[in-house]
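These notes are about the structure you will find just below.
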Amino acid sequence: MTGQVRPSPKVEGSIQPDLNGLDRSELACVFEVVIVISDNRGVTVVMSNGLVTVTLSNPGGMVTGIQYGGINNVLETANSDNNRGYWDVVWARPGSNNITYDNLSTRSFKVIVQNDNQVEISFTRTWSNGGLPLNVDKRFIMLRGSSGFYSYAIFERSNGMPEVNIDQARIVFKVQENNFRYMAISDQRQRIMPIAADRINGQPLDYPEAVRLTNPRNSLLKGEVDDKYQYSCENKDNRVHGWISENPSVGFWMITPSNEFRNGGPHKQDLTSHVGPTVLSMFVSTHYAGEDLGMKFRNGEAWKKVFGPVFIYLNSASNQQKSALWQDAKSQMMKETANWPYNFPQSPDFLHSNQRGSVSGQLSIRDGGQNLMPAASAYVGLALPGNAGSWEYENKGYQFWTKADGKGNFLIKGIRPGSYNLFAWIPGTIGDYKYGPSVTITPGSNIRLSNIVYEPPRNGPTLWEIGVADRVAAEFFVPDPNPSLVNHLYKSFDKFRQYGLWNRYTEIYPHQDLVYTVGVSNYRRDWFFAHVTRHVGNGAYSATTWQILFDIRTVSKAGNYTLRVALASAHEAELQVRANNQNGAPIFTTGLIGRDNAIARHGIRGLYWLYSVGIPGSKLNNGRNIIFLTQARGSSPFRGVMYDYIRLEGPR
Ligand SMILES: *[C@@H]1O[C@H](CO)[C@@H](O)[C@H](O)[C@H]1NC(C)=O
Ligand SMILES: *[C@@H]1O[C@H](CO)[C@@H](O)[C@H](O)[C@H]1NC(C)=O
Ligand SMILES: *[C@@H]1O[C@H](CO)[C@@H](O)[C@H](O)[C@H]1NC(C)=O
């Protein structure tokens with residue numbers, strides 16, 4: 001098989017891509033990348049390497065067909081050409097309620113490279129006047145012998161473009177519902193899914209995304225709850241997910257080999273795959289975080305960012321072996337991840353490995369003047385410069401994260417040149433670390449930061465603590481769901497993903513709010529995972545006050561005690577702290593905080609908050625004391641906080 005560039009045959013036909021109209025002999029050559037550009041009113045472009053054949057609209061750059069493994073089109077042919085495989089953006093002008101959806105349909109098409117080993121094509125549009133103020137370049141790559149294709153996009157604003165808020169950017173695929181019924185997100189999170197019609201026939205619950213399946217086609221699913229947010233995943237774990245067709249036995253997978261281009265850092269959660277059947281890779285969103293995570297461009301700000309490449313991988317197996325397809329998709333994900341940063345994308349804006357640098361080092365902890373401890377399993381990352389913890393809100397730049405080993409050693413490779421801050425947080429330790437000086441990466445640089453030390457907040461010895469300082473509420477009591485509102489997938493793990501747990505609080509504490517007694521209660525059993533509102537009937541919800549009872553034998557009346565309250569999530573909440581006087585003015589209030597919506601979206605975390613509340617010894621008693629924690633904002637079931645960790649420190 002020689003690798004000469006083949007002439008582009010003309011494809012006759014309508015706007016519907018018609019793969020049958022192609023000369024199959026052009027596509028049968030397994031080891032050769034072939035690009036076929038049809039010229040029938042310029043409406044389609046076809047890329048094929050003999051394994052996979054991809055049809056795109058020209059010049060719109062929508063993926064309209066994927067032929068693979070005996071399926072003529074893996075994408076949903078019942079959907080219009082603009083609703084099968086596409087990039088999209090949700091945006092608005094600042095201060096406007098006109099939220100606009102843009103499917104990033106482009107205006108011109110160009111072949112970037114076409115040779116024996118690779119095809120890369122580009123669909124672009126340049127902003128002129130009106131509409132989304134972005135220049136867009138959508139790229140698609142196919143490699144020889146590769147069972148899939150890559151896509152990435154370059155978004156660019158030149159100086160002086162109009163102001164805009166961009167709250168969402170992603171790539172989307174809708175696969176054939178007739179074939180693809182089984183979804184896999186992780187080793188455990190896999191199941192037969194409902195179809196789209198089951199949701200339409202079902203009973204909408206407290207918000208439209210959650211539906212109880214009352215009349216599903218597959219009767220085994222009857223009575224279950226479906227909600228796409230039950231399939232969310234943290235960025236760091238969101239590397240491969242997709243769908244399996246049993247007959248023929250084919251898998252369709254979204255592989256995201258890096259998080260460098262996603263907003264919000266390693267713990268930001270986002271959607272993955274869900275009923276449709278839909279497959280997403282989310283790059284920018286406000287999910288589980290709030291509007292702070294949207295990109296805001298003001299004063300004509302210039303900006304450019306590369307999103308992706310992601311790899312759309314297809315595999316097949318004999319005999320309906322779902323587990324074989326999943327295992328193979330995972331091992332392909334490992335290969336793609338190991339191969340990052342890719343050296344084949346042709347845009348000069350995507351930097352290859354030799355254009356990047358690295359940072360390594362060792363992080364230790366000194367807590368309250370004690371001996372140095374290794375920052376074991378610390379999350380260490382580079383993000384745009386900002387305050388400690390600002391990476392959780394960062395949304396326009398690139399982030400590069402790793403997890404340190406048991407001794408706090410870390411190595412971050414493949415960093416794009418630029419100026420960053422190095423940030424970290426350590427499971428088991430409160431607060432956020434920021435390395436003082438900014439870190440400047442140049443191509444090929446290997447920066448070594450030895451013996452860097454995090455000194456977490458500490459005013460005195462721990463008198464008691466509740467929970468684990470790990471930025472999630474998973475260790476607390478998570479109730480069983482209402483038996484009529486269950487997703488069977490989460491019966492034995494990840495119970496927090498069940499629908500409606502917010503209403504369980506009122507059922508478990510019908511008369512009196514939660515009371516926790518230090519030394520007697522057990523936070524795994526006695527501390528409800530979310531401090532939610534109380535349902536008082538007729539759709540009304542009221543504030544709630546939790547109590548922590550504890551004893552101090554001899555109070556240092558002149559000393560200062562410190563209450564550390566770390567929150568894993570907050571949604572339209574206000575947390576007030578009182579000591580021994582439930583009705584007086586609070587010692588402390590957070591004020592109105594949070595829009596992460598993690599209670600309604602079944603997240604076990606949103607954004608992290610850490611408060612330090614000084615309690616003068618004069619307010620404490622010898623013997624029994626009570627701290628009152630009031631979530632003061634009622635009116636909705638979804639308002640509240642999730643605690644990460646609480647501790648009382650004595651005077652120094
Ligand atoms: C996508 O873009 C095309 C071209 O601008 C437009 O005709 C179509 O209506 C759009 N589809 C949606 C769902 O917005
Ligand atoms: C909303 O914005 C879109 C895109 O700029 C525009 O076409 C449309 O006319 C606007 N609608 C209103 C009601 O202003
Ligand atoms: C306790 O805190 C108050 C207010 O910050 C301060 O004035 C006082 O000196 C502190 N007392 C001790 C013993 O540190």
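When a ligand or atom number is given, it counts from 1 through the structure's own listing order. Just so you know, these numbers use all the heavy atoms, side chains as well, and skip hydrogens, waters and symmetry mates.
The pair Arg139-Glu120 meets the salt-bridge criterion, with a side-chain N (NZ, NE, NH1 or NH2) lying under 4.0 Å from an Asp/Glu carboxylate O. One finds a salt bridge joining Asp432 and Arg471 here, because a Lys/Arg side-chain nitrogen approaches an Asp/Glu carboxylate oxygen to under 4.0 Å.
Exactly one of Trp340, Phe344, Phe307, Tyr398 qualifies for a ring-ring contact (aromatic ring centres under 6.0 Å, His included) with Phe350. That residue is Trp340.
Side-chain contact between Phe109 and Ser122 is absent, with no heavy atoms from C-beta onward closer than 4.5 Å. Met193 is not listed as a side-chain neighbour of Tyr182, based on a closest heavy-atom distance of 4.5 Å or more.
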Do Trp502 and Thr533 pass the side-chain hydrogen bond (donor to acceptor under 3.5 Å, both in side chains) test, and can you show the C-alpha distance, the side-chain angles, and the key distance before you say yes or no? CA-CA 8 Å; Trp502 50 85; Thr533 51; over 6 Å; no
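Near ligand 2, residues Trp91, Asn98, Thr100 each place a heavy atom inside the 4.0 Å sphere around the ligand atoms.
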